[in-house]
Amino acid sequence: MTLNNNISFRSTAGKKPTPNIFEAFRQRVQADGGTFEDNGAVETAVRNWNSNRKLLITPTAYKSGKAYSIIPKDGSGDATVDRNCTATFVDSNGIPQTAALNELRIDHSTGEPCILVEGQATNYVSKRNFQLWGVTRATATDLGDNIYSAVATDLDPILSLSTGYFGISGFFKVEIKGVGSSIGKNARLFVIRDAFSEIKQLPFVLTGDWQTIEIPYTFSAIPTTKTDVRIDFVDSAVAVGDTAHLRNPQLSEISTSYIPTNGAIATRLADTVTIPIPTGTTQIIETLSDDTENIITTIPATYTIPVGLFKKIEMFG
């Protein structure tokens, strides 16, 4: 059958759609010098077709300053992307990557491609190099690619540092995995106010895969001297030589993607993704990463994607 916007599309229940719409979209993106990610988002979005759909954007295609709309096919629905700095995201292989200035982030941290939109945030852990941390009863070695190896030289090895953050609440996180004999052993994350005036902690178990451990915390008072973050390897069976790999430590006001630092605190600016609203639009549907739908029926003069992870943005009328 033939759908609106003059895009040919045929499908059979339970089968993938023919590649006509896919190819038309891909060719438009590539002709404009954009990047097209064949990640299945287009096929998923068009499988349940609605002829009243005036606009469709998925986490598929972009170039600097732009996110491409599948509908309308003429580009009049393309979004503008503004973020005057680089920013990180997780690719389809689970590996942290960096998006260029004003580039849409297609994030796979949930296991599926999503448009990632975040507000401004700061990482107050300036010393991403663990060799610069205070290290007690352990050694820290740079393995390259911002990965550091912490090896116990005695029981209860500790990595710790003071940060420049003086907020009453925040989030500390780090990516960590066990190596060899340390897999399955226990560890803890600590956030400490003013030299142990107040302590928040989160226990976890070391695994052989990278895992992001994050502790949200709220202090009863604003720190007056410092906020410390600390990692302890505390299993009663810990042994000399037990090893953990760590990367991307972060303390920030909000839970957010990793913000790289290198000797000084760093701030990532907000993502602003603005989509033109087609004439006659009566409904906007935002599909989140967990398939929850936010339905908007009071149509704004200008639509900007809110903070979150989104599988698609649709407009109907």
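Numbers for residues simply follow the sequence, beginning at 1.
Checked by atom type and distance alone, the side chain of Ser252 never pairs as donor or acceptor with a backbone atom of Asn123 at under 3.5 Å. At distances below 3.5 Å, not a single donor-acceptor pair connects side-chain atoms of Thr256 with backbone N or O atoms of Ala121. Counting only distance, with no hydrogens or angles, the side chain of Asn39 and the backbone of Pro59 share a donor-acceptor pair below 3.5 Å. With hydrogens and angles disregarded, no donor-acceptor distance shorter than 3.5 Å links the side chain of Asn248 to the backbone of Val174. One N or O on the side chain of Asp290 and one on the backbone of Thr292 form a donor-acceptor pair closer than 3.5 Å.
Counting heavy atoms from C-beta outward, Pro223 and Phe166 have side chains that approach closer than 4.5 Å. Using a 4.5 Å heavy-atom cutoff, the side chains of Ile106 and Tyr62 are in contact. Phe172 is listed as a side-chain neighbour of Val125, based on a closest heavy-atom distance under 4.5 Å. Here the side chains of Ile70 and Thr58 are in contact, with some heavy-atom distance below 4.5 Å. Between Lys177 and Asp209 the shortest side-chain heavy-atom distance does not fall below 4.5 Å. Using a 4.5 Å heavy-atom threshold, the side chains of Pro113 and Thr60 count as separate. The closest side-chain heavy-atom distance from Ile275 to Ile277 is not below 4.5 Å. Contact of the Thr80 side chain with the Lys66 side chain is not registered, since no non-hydrogen atoms from C-beta on lie closer than 4.5 Å.
Separation of atoms OG1 (Thr224) and CG (Asp194) is listed at 3.5 Å; rounding is to 0.5 Å. Between atom SG of residue Cys85 and atom CD of residue Glu103 there is a gap of 12.0 Å, rounded to the nearest 0.5 Å. A distance of 4.5 Å separates CG in Asp232 from CZ in Phe190, rounded to the nearest 0.5 Å. Rounding to the nearest 0.5 Å places CD of Glu314 at 5.5 Å from CD1 of Ile285. In this structure, NZ in Lys200 is found 12.5 Å from CD1 in Ile192, a value given to the nearest 0.5 Å. Rounding to the nearest 0.5 angstrom, the gap separating the NZ atom in Lys173 from the OG1 atom in Thr212 is 6.0 Å.
Contact detail for Ser149 and Thr243: the closest heavy-atom pair is OG-CG2, 3.3 Å. For the residue pair Ala244 and Phe233, the shortest heavy atom distance occurs at CB-CE2, 3.5 Å. Contact between Gly317 and Thr282 at its shortest, heavy atoms only, is CA-OG1, 3.6 Å. Across every non-hydrogen atom of Val205 and Gln211, the tightest pair is O-NE2, 2.7 Å. Residues Glu214 and Ser255 approach most closely at OE1-OG, 3.0 Å, considering heavy atoms. Between Asp32 and Lys63 the shortest heavy-atom distance is O-NZ, 3.0 Å.
Salt bridge present: Arg83 and Asp271 bring a charged side-chain N and a carboxylate O closer than 4.0 Å. Using a cutoff of 4.0 Å between basic side-chain nitrogens and carboxylate oxygens, Arg28 and Asp74 are not scored as salt-bridged. Salt bridge status for Glu286 with Lys312: absent, with no side-chain N to carboxylate O gap under 4.0 Å.
For the side-chain contact (heavy atoms from CB on, under 4.5 Å) test with Leu269, the passing option among Asp82, Leu101, Thr86, Asn84 is Asn84; the others fail.
Both Ile265 and Ile222 are part of a single hydrophobic cluster, where members link through side-chain heavy atoms under 4.5 Å apart. Linking ILVMFWY residues whenever their side-chain heavy atoms come closer than 4.5 Å, directly or via other members, leaves Val273 and Phe36 in distinct clusters. Hydrophobic clustering of Ile, Leu, Val, Met, Phe, Trp and Tyr side chains at less than 4.5 Å, counting indirect connections, unites Val229 with Ile168. Tracing side-chain contacts under 4.5 Å through hydrophobic residues (I, L, V, M, F, W, Y), one never reaches Ile284 starting from Leu56; they form parts of separate clusters. Val191 and Phe196 fall into different hydrophobic clusters, defined by Ile, Leu, Val, Met, Phe, Trp and Tyr side-chain heavy atoms under 4.5 Å apart, directly or through other members.
Ring pair Tyr68/Phe25 is perpendicular by interplanar angle, where above 60° counts as perpendicular and below 30° as parallel.
Remark: Tyr124 pairs with Tyr165 by the ring pair (Phe, Tyr, Trp, His ring centres under 6.0 Å) rule, at least two apart or across chains.
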task = Let me see the working for Leu309 and Leu288 under side chain to side chain contact (heavy atoms under 4.5 Å, CB included), right down to the final yes or no.
result = CA-CA 6 Å; Leu309 283 163; Leu288 282 72; over 6 Å; no
request  = Start with the C-alpha gap between Leu189 and Phe204, add the side-chain angles, then the distance that decides, and say whether side chain to side chain contact (heavy atoms under 4.5 Å, CB included) holds.
outcome  = CA-CA 8 Å; Leu189 290 188; Phe204 64 96; 3.9 Å; yes
message = As a quick check of understanding, evaluate side chain to side chain contact (heavy atoms under 4.5 Å, CB included) for Ile183 and Leu206, giving each step before the final call.
response = CA-CA 5 Å; Ile183 295 173; Leu206 289 164; 5.8 Å; no
query = Asp291 and Lys311: side chain to side chain contact (heavy atoms under 4.5 Å, CB included), yes or no, with the steps?
reply = CA-CA 8 Å; Asp291 293 316; Lys311 289 184 176 180; 2.8 Å; yes
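For the residue pair Ser181 and Asp242, a side-chain donor N or O sits within less than 3.5 Å of a side-chain acceptor on the partner. Checking Glu198 against Ser220 by side-chain atom types alone, a donor-acceptor pair falls below 3.5 Å. Between the side chains of Ser160 and Asp228, no donor N or O sits under 3.5 Å from an acceptor N or O. A side-chain N or O of Ser69 and one of Asp78 form a donor-acceptor pair less than 3.5 Å apart. Judged purely by distance below 3.5 Å, without hydrogens or angles, the side chains of Ser257 and Arg268 pair a donor atom with an acceptor atom. Counted by atom type alone, Thr267 and Thr122 present one or more donor-acceptor pairs between their side chains at under 3.5 Å.
Geometrically, Arg105 does not engage Phe89 in a cation-pi contact, judged by NZ or CZ lying under 6.0 Å from the ring centre and within 45° of the ring axis.
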